[in-house]
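Here is the structure we will look at.
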Amino acid sequence: MPDNGWPADRIDTENAHSARIYDYILGGKDYYPADQEAGEAMTREWPALPVHMRANRDFMNRAVRWLAEDAGVRQFLDIGTGIPTSPNLHEIAQAVAPESRVVYVDNDPIVLTLSQGLLASAPEGRTAYVEADFRDPAAILGAPELRETLDLSRPVALTVIAIVHFMLDADDAVGVVRRLLEPLPSGSYLAMSIGTAEFAPAEVGRVAREYAARDMPMRLRTLAEAREFFDGLDLVEPGIVQVHKWHPDGGTQGIRDEDIAMYGAVARKP
């Protein structure tokens, strides 16, 4: 792992972090020994974990491409961006429409430090990074970087990928998503992936315990609970499904349902 110049006073290198575990399992380089240990322990508990994580990333790619190509969206607000992994959201959107504008939001100092990769916009478009907590919608929506980049009188795609399973009931994840959607105009979209244990309860339960043992408790949701995020919105076909079943392509062939612990969906604000 190279020396990335990360600010030592802000980054906890002794304890595993969810974004860095994700980076390790996906074959990245921005992790520490604690993250590698955690990722290996979790994969021992559920060998399909890398398949699951790659399928979630691929869902994000397909959803953003659909939003740009089929829905004509040109503005994106990405919550819980995580460590940059190419292709990043703006690369997907701007490959379709170079004028696309993207605001990334995260509260991890590593993501902030590595955010230059998120700011390499096509000249016709624009990207920005907001350091803020998902649980504080007012701070996100009021950030100057957001207001300077997005026009909230025009449709925006709000993407919330693989984050709400780290929000406990006290965090009111559904309420937070609704507050983020509230100022977005008709014709905006919500794209989400939502962790579940409904397809491999024993294996996913063991992974959740590994996260909890490292002070990262999880709140996995049923299909009925996942639907709550989309109340009042018009779901895009095929609705709320496991992520590998949402507009599948060649890369999703051969994936078993029991190897995926994430629901995915895209919905339009009427």
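- For Y211 and F166, the ring centers are positioned less than 6.0 Å apart.
- Ion pairing of R74 with E124 is absent here, as no side-chain N (NZ or NE/NH1/NH2) approaches a carboxylate O to less than 4.0 Å.
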Practice problem: Starting from the C-alpha separation in whole Å, work towards a yes-or-no answer on side-chain contact (heavy atoms from CB on, under 4.5 Å) for F76 and V103. | Solution: CA-CA 6 Å; F76 296 81; V103 172; over 6 Å; no
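- The aromatic rings of H52 and W46 sit tilted, their planes meeting at an angle between 30° and 60°.
- D23 contributes a side-chain N or O that, together with a main-chain N or O of K29, makes up a donor-acceptor pair within less than 3.5 Å.
- Inter-residue side-chain proximity for V164 and V174 is flagged as unmet; no heavy-atom pair is nearer than 4.5 Å.
- Looking at D106 and T81, their side chains never bring a donor and an acceptor atom within 3.5 Å of each other.
- Side chain to side chain, Y24 and E40 meet the donor-acceptor criterion of an N or O pair below 3.5 Å.
- Side chain of T196 to main chain of L220: no donor-acceptor pair is present (N/O by atom type, distance under 3.5 Å, no hydrogens or angles).
- Rounded to the nearest 0.5 angstrom, R268 CZ and S188 OG are separated by 8.5 Å.
- Of the candidates V266, V73, N61, V266 is the only one forming a side-chain contact (heavy atoms from CB on, under 4.5 Å) with W66.
- Q242 is not listed as a side-chain neighbour of M262, based on a closest heavy-atom distance of 4.5 Å or more.
- With a 4.5 Å cut-off on side-chain heavy atoms, V177 and F134 count as touching.
- Checking S86 against E91 by side-chain atom types alone, a donor-acceptor pair falls below 3.5 Å.
- Under the 3.5 Å distance criterion, the side-chain polar atoms of D171 are left unmatched by any main-chain donor or acceptor of A173.
- V156 is connected to L233 through a chain of hydrophobic side-chain contacts under 4.5 Å among Ile, Leu, Val, Met, Phe, Trp and Tyr, so both are in one cluster.
- Counting all heavy atoms, side chain and backbone alike, A16 lies closest to M216 at O-CE, 3.8 Å.
- Looking at T252, its side chain does come within 3.5 Å of a backbone N or O of D249 through a donor-acceptor pair.
- Side-chain N or O atoms of D133 include none that pairs as donor or acceptor with a backbone N or O of D136 at under 3.5 Å.
- Contact check for L146 versus I140: side-chain heavy atoms found under the 4.5 Å cut-off.
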Exercise. Might you work through the salt bridge (charged side-chain N to carboxylate O under 4.0 Å, His left out) test for E225 and R219, ending with a clear yes or no?
Key: CA-CA 11 Å; E225 290 170 326; R219 172 66 164 87; 2.8 Å; yes
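- Between the CG atom of L26 and the CD1 atom of I21 there is a distance of 12.0 Å, given to the nearest 0.5 Å.
- Residues M192 and I240 fall within the same hydrophobic cluster, defined by Ile, Leu, Val, Met, Phe, Trp and Tyr side chains chained together at heavy-atom separations under 4.5 Å.
- At distances below 3.5 Å, not a single donor-acceptor pair connects side-chain atoms of N56 with backbone N or O atoms of M53.
- By the 4.0 Å N-to-carboxylate-O rule, R178 lies close enough to D231 to be salt-bridged with it.
- The closest side-chain heavy-atom distance from M60 to I92 is below 4.5 Å.
- Between Y263 and F230, a ring centre-to-centre spacing not shorter than 6.0 Å is recorded.
- A donor atom on one side chain and an acceptor atom on the other are found under 3.5 Å apart for H90 and Y104.
- Separating the CD atom in E131 from the CD atom in E145 is a distance of 10.0 Å, to the nearest 0.5 Å.
- In plain terms, the two heavy atoms of P185 and P155 that are nearest each other are CG-N, 3.7 Å.
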Practice problem: Take T159 and L77 through the test side-chain contact (heavy atoms from CB on, under 4.5 Å) and record every step on the way to the result. | Solution: CA-CA 6 Å; T159 57; L77 175 56; over 6 Å; no
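- The two atoms that bring G239 and A265 nearest to each other are O-CB, 3.7 Å, heavy atoms only.
- The two residues S100 and A93 have their closest heavy-atom pair at OG-O, 3.6 Å.
- Side-chain contact between T149 and T127 is absent, with no heavy-atom pair separated by less than 4.5 Å.
- The distance from the CZ atom of R206 to the CE atom of M42 is 13.5 Å, given to the nearest 0.5 Å.
- With R214 contributing its side chain and S18 its backbone, the two residues share no donor-acceptor pair below 3.5 Å.
- The heavy-atom pair separating L141 from P183 by the smallest distance is CD1-CG, 3.7 Å.
- A salt bridge links D257 with K245: at least one charged nitrogen is closer than 4.0 Å to a carboxylate oxygen.
- Both I255 and I161 are assigned to one and the same hydrophobic cluster, defined by single-linkage of ILVMFWY side chains at heavy-atom distances under 4.5 Å.
- Residues V105 and A132 approach most closely at CG1-O, 3.8 Å, considering heavy atoms.
- Q75 places no side-chain N or O within donor-acceptor distance of the main-chain N or O of R101, the cut-off being under 3.5 Å.
- Considering CG of L89 and CZ of R65, their distance stands at 11.0 Å, rounded to 0.5 Å.
- Checked by atom type and distance alone, the side chain of T85 pairs as donor or acceptor with a backbone atom of I83 at under 3.5 Å.
- Under the 3.5 Å distance criterion, the side-chain polar atoms of Q94 are matched with a main-chain donor or acceptor of A122.
- Residues E182 and K269 are not paired through a salt bridge, judged by the lack of any N-O separation under 4.0 Å between the basic side chain and the carboxylate.
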Exercise. Could you go through the side-chain contact (heavy atoms from CB on, under 4.5 Å) check for L181 and L190 one step at a time?
Key: CA-CA 8 Å; L181 275 172; L190 171 64; 4.0 Å; yes
Quiz prompt | R126 and E148: CA distance, side-chain angles, deciding distance, side-chain contact (heavy atoms from CB on, under 4.5 Å) verdict | solution = CA-CA 10 Å; R126 185 169 179 177; E148 293 165 3; 3.9 Å; yes
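- Using a 4.5 Å heavy-atom threshold, the side chains of V236 and H247 count as touching.
- Taking a cutoff of 4.0 Å between a charged side-chain nitrogen and a carboxylate oxygen, R20 and D30 do not qualify as a salt bridge.
- Atoms CG and CD, on L49 and E203 in that order, are 11.5 Å from each other to the nearest 0.5 Å.
- Hydrophobic clustering keeps F59 apart from V160 (ILVMFWY residues linked when any side-chain heavy atoms are closer than 4.5 Å, directly or through intermediates).
- I163 and M218 sit in two unconnected hydrophobic clusters of ILVMFWY residues. Membership requires side-chain heavy atoms under 4.5 Å apart, directly or through other members.
- Taking 4.5 Å as the limit, every side-chain heavy atom of I260 sits out of range of all side-chain heavy atoms of F199.
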